[in-house]
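Reading through the structure tokens given below for one structure.
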Amino acid sequence: MFDAKDLFPYTSAPHTDILVNLFKEEQPQICLMGATVIGRDLGPRVSSSLTSGLTADCTELEIGPYEDKKEGKTYENLLYQIRPAFGGNIVATIVNPEHRPQMATVRSGVMQKAIYDGACKKEVVYPEVSKYVSPEAFVVKVLDHHVEAAKHNLKGAPIVVAGGYGMGSKENFDLLFQLAKVLHGEVGGSRAAVDAGWLDHDRQIGQTGVTVHPKVYIACGISGQIQHIAGMQDSGIIISVNSDPDAPINKIADYVIVGTVEEVVPKLIKYYKQNSK
């Protein structure tokens, strides 16, 4: 196990050389990076230098066998790199049988925190940066970090109330904020609602937004396109509030309430206020 803080004390091109030389030495089977601004830039550079290939923005990862019928070979314990493809219309599973490391960038929220049982005690290695790249290669050094406090806790919220284009207006999202306040949850939305200017982009849930795993997910006026489903399908309980009984999201919902948000949400707010005292 390597401590990334010791590998990345600076921000410049040497990042690539450090990882390329480290991987050539250690020969890892798999390399996963966060699908962040840094990971999306660094991952392709490293994979290109190693000619290993990379799958970007994975929404799910699995380990399993792969049979190449054309070559007549069977590979064991390959990394299944799963992500939406063709504009989100299908979900593709990508494997890399021949080249190493198997590389992928993973979207935030995809991996849930494991429960520590006290038995995991592994070796931590602190590589010497100078061993993989010369000091002269660094032309920029980070002198200070400024981190702004998070505006919300959408990823960690136990209850998420989300709205889609079916909300009809930005004013109707006030109802969702009221409901979320009563339930001690957070408000999210679909890309259509964000594109309409009804919600801030950092609250967007789906393929091009964040992935959430709440205990309860209340989808209001959301049709349920695959791009949105990719970001919330692992929720514990999914409740759909939609005026269209045939909306795609109703197929994965545990409970469906057929009706407009204007008539259903105020009743939910009133009920929870009366029963939460």
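Given the structure is predicted, the values throughout are model-derived calculations rather than measurements. Because only heavy atoms are used, hydrogens play no part in the values below, and waters and symmetry mates are left out as well, while side chains stay in.
Heavy atoms of other residues, nucleotides or ligands lying less than 6.0 angstrom from OH of Y271 number 12 at most.
Annotation: side chain of H184 is not in contact with side chain of I159 (no heavy-atom distance under 4.5 Å). I257 is not listed as a side-chain neighbour of K267, based on a closest heavy-atom distance of 4.5 Å or more. Under the 4.5 Å side-chain criterion, counting only non-hydrogen atoms from C-beta, P97 is in contact with L78. Between M232 and V160 there is no side-chain heavy-atom pair separated by less than 4.5 Å. A 4.5 Å side-chain heavy-atom check between I269 and K181 finds every atom pair outside the cut-off. Residues V256 and N242 form no side-chain contact, since every pair of their non-hydrogen atoms from C-beta on lies 4.5 Å or further apart.
Between the N96 side chain and the S52 main chain, a donor and an acceptor come within less than 3.5 Å of each other. Side-chain N or O atoms of D200 include none that pairs as donor or acceptor with a backbone N or O of D202 at under 3.5 Å. With hydrogens and angles ignored, the 3.5 Å screen pairs no side-chain donor or acceptor of S223 with any backbone N or O of A247. Without hydrogens or angle criteria, R203 side chain to V187 main chain gives a donor-acceptor distance under 3.5 Å. In this structure a side-chain-to-backbone donor-acceptor pair under 3.5 Å is present from N172 to M167. Put simply, the side chain of N77 never gets that close to the backbone of I63: no donor and acceptor are under 3.5 Å apart. Listed for the Q102 side chain is a donor-acceptor partner under 3.5 Å among the backbone atoms of L79. With hydrogens and angles ignored, the 3.5 Å screen pairs a side-chain donor or acceptor of N250 with a backbone N or O of P245. When atom types are taken as modelled, the side chain of Q204 and the backbone of R191 share no donor-acceptor pair closer than 3.5 angstrom. Between the side chain of S48 and the backbone N or O of R45 there is no donor-acceptor pair closer than 3.5 Å.
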- [ ] Could you go through the side chain to side chain contact (heavy atoms under 4.5 Å, CB included) check for I205 and L154 one step at a time?
- [x] CA-CA 9 Å; I205 298 170; L154 184 59; 4.1 Å; yes
Task: Audit row: K215, I237, side chain to side chain contact (heavy atoms under 4.5 Å, CB included) steps and yes/no - done: CA-CA 6 Å; K215 294 180 180 178; I237 296 175; over 6 Å; no
Open item on the list: Set out, in order, the CA-CA distance, both residues' side-chain angles and the distance that settles side chain to side chain contact (heavy atoms under 4.5 Å, CB included) for Y75 and E98, then state yes or no.
Closed with: CA-CA 9 Å; Y75 301 86; E98 300 290 346; 2.5 Å; yes
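Residues Q81 and C58 approach most closely at CB-SG, 3.9 Å, considering heavy atoms. The heavy-atom pair separating M103 from G53 by the smallest distance is CB-O, 3.6 Å. Contact detail for F23 and C31: the closest heavy-atom pair is CZ-SG, 3.5 Å. The nearest pair of heavy atoms linking P214 to P158 is CB-O, 3.5 Å. Closest of all the heavy-atom pairs between Y80 and Y66 is OH-N, 4.4 Å. The two residues G39 and P44 come nearest to each other via the heavy atoms O-CD, 3.9 Å.
A distance of 12.5 Å separates OG1 in T51 from CZ in R100, rounded to the nearest 0.5 Å. Put simply, CG on L183 and CG on L179 are 4.5 Å apart, with the number rounded to the nearest 0.5 Å. Note: I238 CD1 to I229 CD1 = 7.0 Å, rounded to the nearest 0.5 Å.
In summary, of the residues considered (V258, T260, V264, V261), a side-chain contact (heavy atoms from CB on, under 4.5 Å) with S243 occurs for T260 alone.
Hydrophobic clustering (ILVMFWY, side-chain heavy atoms < 4.5 Å, transitive): V182 and V216 are in one cluster. V106 and V210 fall into different hydrophobic clusters, where Ile, Leu, Val, Met, Phe, Trp and Tyr residues are linked whenever their side-chain heavy atoms come under 4.5 Å apart, directly or through other members.
Ring planes of W198 and Y165: parallel class, angle under 30° (limits at 30 and 60°).
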